[in-house]
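What follows is one structure encoded as C-alpha cells, with my remarks underneath.
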Amino acid sequence: MSLNHFLPKISCGVKNPVVDVVYQQEFDENVLPSFEINTHSEADTAILGMYGEARTSEMQHLNEFNAQEWPLPFDDQNSTSHINLRPLPPSFRETKSLVELNGELLVRSVTWNQQAQRLPTASDLVKHLIPMRMYHIVAIGTQECENTISKSIFNPYKEKWESLCQEVMGGEYLLLRGHALQASHLVVFVHQGIRQLISNVQSHAVPTGICDTLGNKGGIGISFNVGRSSFCFLTAHLAAHQHEMDRRTKEFARISSEISSALGKNEKYSLLQEKNSLLVDEIIPPLVLEERFQDDGSNGSSSSADINANNCTPQNNNCCSSRTHSSSVNPLALSFDFVFWGGDLNYRIHGTRRIVDILLQSNNHAALVSNDQLSMMMQFDKTFNGLHEGQLTFRPTYKFDKGTDVYDTSQKQRIPSWTDRILYKSHGKVELLSYFSANEIRNSDHKPVYATFRCSINVENGGDENDEHLW
C-alpha cells in the first residue's frame with residue numbers, strides 16, 4: 001500500500017508517548033531514514049515518527065513498547081470484587097420494597113453485531129454476557145441480528161433472538177418492549193419486582209441508510225419511566241468504513257435529535273429546554289458552547305424535510321443524515337434522566353493495519369485510544385456533550401476471523417477497532433460498575449460489549465399497585 005493511504009502520523013516521543021493525529025499526511029519516500037528495523041518496514045518506521053534528529057531516541061522508545069501493560073480489565077469479575085454485587089432477592093415484593101427504600105436500580109446494557117451468524121446457546125449468554133437475576137433492567141441492542149441486512153428488508157422480525165433472550169432472562173423478567181429496524185434490534189427486559197413502578201413505555205426508530213429511508217443503518221430508542229425517573233435506551237448501527245467519521249457523527253446527531261423529539265417531548269422536556277443554559281453547566285464542564293446540531297440552511301429544525309431520491313448522491317451533503325438539531329448539548333441528555341446508548345457505532349482507529357498490530361502487540365493502550373475516532377470526537381465535537389464513556393480496558397472488538405480471537409487475516413486486512421461502544425448520560429445519579437467485552441463469545445466477527453450501571457431514581461408517585469397492565 002502506498003504511503004499516501006496512511007491517515008495518521010503517530011508520534012512516539014520518549015517524553016510524551018501519545019499519538020498526535022494528522023489528517024491525510026503526504027510522505028516523501030526519498031527522505032525516509034536509512035537504518036534497518038527488523039520488526040517493520042521503512043514505511044512503517046516513518047509513520048511511527050522515527051526520522052530526523054530524534055532517530056536514536058525514537059528507536060529506544062520503540063524497543064520499550066513491550067514493557068507497557070494493558071489497563072486492568074473493568075469486567076464483571078473486577079467490578080463485583082469491590083462493590084459486592086449480589087443477585088436480586090428471590091421475592092418480587094422484597095425486590096420492589098428495596099427499590100422503594102433505597103431508590104437504586106441495577107442496569108445492564110449490551111451491544112453486539114451478530115454478523116447474521118448462528119446464535120449462541122442460552123448457557124453461553126448467561127455465563128459470559130447476562131448473568132441471571134443480577135439486574136432490574138436489561139437492554140440488549142443487536143445489529144445484523146438473525147438475518148443479513150439485505151434479507152432483513154423482507155423479514156425484519158427477530159422472534160428467534162427474542163425467544164432466546166427470554167430464555168436467558170427467565171420467568172422473573174418481562175419483555176417490556178422490542179423494536180426492530182431492518183437488521184437492527186433493541187429489546188428491554190424488566191424484573192417483575194419493579195413492573196408496577198413502570199409507565200409511559202414508548203419506542204421509535206430512525207433510519208439513516210440510503211437517503212435516510214432504508215434501515216440498513218440507523219438507530220432505535222426505547223423510553224419509559226420508573227417512578228418519576230425517565231430512561232432512554234438506544235442502539236445504533238452507523239456508517240461503516242475508515243473514512244466515514246464525519247457521516248457517523250452526523251447520523252449520531254440526527255438519531256439523538258429525532259429520538260428526543262419523538263420520545264422526550266413531555267412536560268419535563270419542555271421545562272428542561274427552557275432551562276437549557278442552566279443545565280449545561282451541570283451536565284458537562286464549562287465550555288464555550290457552539291452550535292453543533294444546526295441544520296445546513298434549515299434554521300436548525302429537528303423535523304425531517306422531504307427529499308428527492310434523484311438528488312441523493314455522495315456529493316450532496318444535504319441528503320443522507322445531514323439534517324440535525326440546533327442545541328448546545330445533545331438533546332437526549334436534556335430529554336431524559338438516564339440515557340444509555342450502545343451500538344455498532346463503527347468508529348475506527350486511525351492508522352495502518354501494521355502499525356495498529358504493533359501497538360496492540362506492545363500493549364500501547366495510550367497510543368491506540370489517542371487515535372480512536374470516537375474518543376477524539378467526544379472531546380471536541382458538541383454532538384456528544386452530556387454523554388460519557390467508561391475507560392476502554394478491553395481490546396478492539398472488530399474484526400475477528402470467525403470462531404477465533406485472531407484479527408482479520410483476509411485479503412482486506414481490516415484494521416482492528418473499537419466499533420462497539422456504550423455511552424451514557426453522566427451525572428451524580430449514575431455509577432458505572434463495569435464496561436468490557438465478552439471475548440468468550442466467538443460466533444461473530446464482533447465481540448459483544450456490556451456495561452453495568454447503578455442508578456439512583458426518584459420512586460415517588462410510581463405505578464399503582466393495582467394496575468395489571470402498565471404498557
Side-chain angles (χ1 to χ4, degrees), residues 109-114 116 139-162 165 175-189 200-224 230-240 247-266 269 293 302-307 309 312 319-325 330-332 335-336 339-346 383 387 420-423 471:
S109 178
V110 171
T111 181
W112 184 24
N113 186 320
Q114 297 179 345
I140 308 169
T142 49
Q143 306 81 42
E144 299 182 39
C145 180
E146 284 196 32
N147 295 314
T148 62
I149 291 175
S150 58
K151 289 183 179 179
S152 294
I153 296 176
F154 306 101
N155 181 21
Y157 303 103
K158 315 297 179 189
E159 293 96 338
K160 292 181 181 178
W161 174 241
E162 286 189 355
C165 289
L175 194 160
L176 182 65
R177 178 69 65 93
H179 197 131
L181 174 66
Q182 202 162 317
S184 296
H185 181 256
L186 179 62
V187 63
V188 175
F189 291 89
N200 195 30
V201 182
Q202 305 177 80
S203 64
H204 185 71
V206 181
T208 62
I210 300 173
C211 289
D212 295 339
T213 301
L214 293 184
N216 55 307
K217 293 295 188 289
I220 305 169
I222 295 178
S223 67
F224 54 92
S230 58
F231 285 76
C232 186
F233 292 88
L234 299 98
T235 192
H237 195 183
L238 304 184
R247 179 179 174 85
R248 284 188 278 276
T249 304
K250 288 180 179 179
E251 291 178 346
F252 192 100
R254 178 175 170 236
I255 293 168
S256 298
S257 174
E258 295 200 18
I259 293 293
S260 62
S261 295
L263 305 183
K265 278 193 172 181
N266 49 41
Y269 176 80
F293 289 87
S302 63
S303 62
S304 298
D306 293 336
I307 54 177
C312 181
C319 181
C320 297
S321 300
S322 63
R323 300 187 302 277
T324 49
H325 190 279
N330 188 294
L332 290 167
S335 301
F336 303 95
V339 177
F340 304 99
W341 188 332
D344 180 0
L345 304 186
N346 250 325
T383 301
L387 301 178
D420 309 277
R421 314 288 275 269
I422 298 175
L423 313 182
W471 54 84

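Residues: numbered from 1 along the sequence shown.
Distance alone, capped at 3.5 Å, is enough to place a donor-acceptor pair between the K158 side chain and the C145 backbone. A donor-acceptor distance shorter than 3.5 angstrom exists from the side chain of R254 to the backbone of P207, with no hydrogens or angles considered. Between the side chain of R248 and the backbone N or O of A239, at least one donor-acceptor pair lies under 3.5 Å. S260 contributes no side-chain N or O that, together with a main-chain N or O of L332, makes up a donor-acceptor pair within less than 3.5 Å. Side chain of Q182 to main chain of I149: a donor-acceptor pair is present (N/O by atom type, distance under 3.5 Å, no hydrogens or angles). Between the side chain of N346 and the backbone N or O of L238, at least one donor-acceptor pair lies under 3.5 Å. For T208 (side chain) and G218 (main-chain N/O), a donor-acceptor pair under 3.5 Å exists by modelled atom type. E162 places no side-chain N or O within donor-acceptor distance of the main-chain N or O of G178, the cut-off being under 3.5 Å. Checking side-chain atoms of S335 against main-chain N and O of P331 turns up a donor-acceptor pair under 3.5 Å.
In this structure, the separation between CD on E144 and CG on D344 is 7.5 Å, given to the nearest 0.5 Å. The distance from atom OG of S203 to atom CD1 of I259, rounded to the nearest 0.5 Å, is 8.5 Å.
Residues forming a salt bridge (charged side-chain N to carboxylate O under 4.0 Å, His left out) with R421 (at least two apart in sequence, or on another chain): D372, E389.
A262 and Q202 make their closest contact through O-OE1, 4.1 Å (heavy atoms, listed as atom of the first residue, atom of the second, distance). Contact between C165 and I140 at its shortest, heavy atoms only, is SG-CD1, 3.8 Å. Across every non-hydrogen atom of L263 and G221, the tightest pair is CD1-O, 3.6 Å. The two atoms that bring H237 and N216 nearest to each other are ND1-O, 4.1 Å, heavy atoms only. Across all their heavy atoms, I220 and L186 have their closest contact at O-CD2, 3.7 Å. Of all non-hydrogen atoms in A116 and T148, the two that sit nearest each other are CB-N, 3.5 Å.
A donor atom on one side chain and an acceptor atom on the other are not found under 3.5 Å apart for Q143 and H185. For S256 and N330, the side-chain atoms include at least one donor-acceptor pair closer than 3.5 Å.
Annotation: side chain of V188 is not in contact with side chain of L175 (no heavy-atom distance under 4.5 Å). You'll find the side chain of N113 reaches within 4.5 Å of the side chain of D420, heavy atoms only. F340 has its side chain out of reach of C232: every pair of non-hydrogen atoms, C-beta onward, lies at least 4.5 Å apart. Between F224 and L176, some side-chain heavy-atom pair lies under the 4.5 Å cut-off.
None of V110, T111, L345, T235 except one satisfies the side chain to side chain contact (heavy atoms under 4.5 Å, CB included) rule with I422; the exception is T111.
Here F252 and W341 bring their ring centres to under 6.0 angstrom of each other.
Under the 30°/60° scheme for interplanar angles, the aromatic rings of W161 and W112 are found to stand perpendicular.
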